[in-house]
Amino acid sequence: MWRRHPQTGEVTEAKLRWGLIPHWMRARPEKPPINARAETISEKPMFKEAYARRRCIVPMDVFYERDQNKKLHAFGALDGNPFGVAGIWENWRNADGEWERTFCIITVPANELIGAVHDRMPAIIPIVEHPRWLGPDPDPRDLLKPYPARLMKRIPKLPKRR
């Protein structure tokens, strides 16, 4: 994934652990959040500082959503290319004194395609907007919206491997 260093402004590629743990937490939560809702990200203490200062782009070529019956459905870009999902990241010092970098993705209301399966979807950031998402603007909220359904497709179920 790509992240911007809040002090230097440098954008780098990094490996982070899924499940956000804010730097101020004393202990690892039993279930660190893997998603943050776009509608409340700038208000909730768990997310607001990371949203203002530590945003990232999580590259994907597919994502999955479960329907009401817990069945997985895969979705991707219509052209088959990878895409970037909005995320936030944190540095957290664990009990051993080591730093862990963690992240979560940001979700928005589902578009028409995803909405048939689930009410939320990852916030896909168009590639031309990646520099702005990773930039110093403390509230690029207008980028957090459903990605157009016409630019996406449901990916058929792959056959099981033997």
Side-chain angles (χ1 to χ4, degrees), residues 1-6 9 11-23 29 31-91 101-158:
M1 83 179 52
W2 297 277
R3 66 185 179 98
R4 179 183 171 271
H5 192 282
V11 175
T12 59
E13 191 173 342
K15 290 184 181 181
L16 284 74
R17 172 186 245 164
W18 202 8
L20 190 79
I21 307 174
H23 65 89
K31 286 187 168 187
I34 60 172
N35 297 328
R37 295 174 72 93
E39 298 88 341
T40 56
I41 196 167
S42 64
E43 302 157 10
K44 295 210 174 205
M46 177 71 85
F47 308 119
K48 72 180 181 180
E49 186 179 341
Y51 171 65
R53 302 187 65 224
R54 289 179 294 280
R55 293 185 298 271
C56 59
I57 296 286
V58 182
M60 296 182 183
D61 56 6
V62 66
F63 66 89
Y64 298 88
E65 296 294 352
R66 288 193 186 273
D67 64 21
Q68 295 169 339
N69 299 317
K70 306 288 186 206
K71 180 182 175 191
L72 275 178
H73 299 265
F75 299 93
L78 186 61
D79 62 11
N81 287 327
F83 49 90
V85 169
I88 55 176
W89 66 274
E90 281 278 8
N91 278 324
R101 289 191 176 106
T102 63
F103 79 99
C104 70
I105 64 170
I106 301 171
T107 66
V108 294
N111 63 26
E112 303 83 34
L113 177 66
I114 314 307
V117 170
H118 196 273
D119 65 340
R120 309 285 301 170
M121 67 179 287
I124 298 171
I125 305 292
I127 196 163
V128 299
E129 297 290 1
H130 287 189
R132 183 163 165 244
W133 177 254
L134 294 173
D137 180 349
D139 191 11
R141 169 182 324 256
D142 60 300
L143 297 177
L144 300 176
K145 57 190 174 192
Y147 197 68
R150 72 183 191 292
L151 300 177
M152 300 185 73
K153 66 180 174 184
R154 187 180 298 211
I155 298 170
K157 185 177 177 180
L158 299 174

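Everything numeric here is computed off the predicted structure, so don't read it as measured data. The analysis underlying the following values was restricted to heavy atoms, covering all of them including side chains, and did not include hydrogens, waters or symmetry mates.
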### Message
Test of understanding: with side chain to side chain donor-acceptor pair (under 3.5 Å), list the residues that count as partners of Thr102, not counting sequence neighbours.
### Response
none
### Summary of salt bridge (Lys or Arg N to Asp or Glu O under 4.0 Å) pairs that have at least one residue in residues 54-76, sequence neighbours excluded
Glu49-Arg54, Arg54-Glu90
#### Entry: Residues in side chain to side chain donor-acceptor pair (under 3.5 Å) contact with Asp142, at least two apart in sequence or another chain
Arg132
### Query
Listed by chain and number, what are the side-chain contact (heavy atoms from CB on, under 4.5 Å) partners of Leu151, not counting sequence neighbours?
Tyr147, Pro148
### Query
What pairs meet the side chain to side chain donor-acceptor pair (under 3.5 Å) rule with one or both residues in residues 109-122, with sequence neighbours excluded?
Glu39-Arg120, Thr107-Arg120
### Summary
Sorted by chain and number, sequence neighbours left out, side-chain contact (heavy atoms from CB on, under 4.5 Å) with Pro59 holds for Met1, Trp2
### Task
Quick one: pull up CE in Met152 and CG in Leu113 and give me the separation to the nearest 0.5 Å.
6.5 Å
## Note on the structure
Residues passing the ring pair (Phe, Tyr, Trp, His ring centres under 6.0 Å) test with Phe47, sequence neighbours excluded, are none
### Sequence-distant partners of Ala116, side-chain contact (heavy atoms from CB on, under 4.5 Å), two or more places apart
Arg154
### Query
About how many Å separate CD of Glu129 and CD1 of Ile127, when rounded to the nearest 0.5 Å?
11.5 Å
### Summary
For Tyr51, the side chain to side chain donor-acceptor pair (under 3.5 Å) test, sequence neighbours excluded, returns Asp139
### Message
If the condition is side chain to side chain donor-acceptor pair (under 3.5 Å), which residues does Asn35 pass it with, not counting sequence neighbours?
### Response
none
### side-chain contact (heavy atoms from CB on, under 4.5 Å) against Arg101, all qualifying residues, sequence neighbours excluded
Arg3, Leu16, Trp89, Asn91
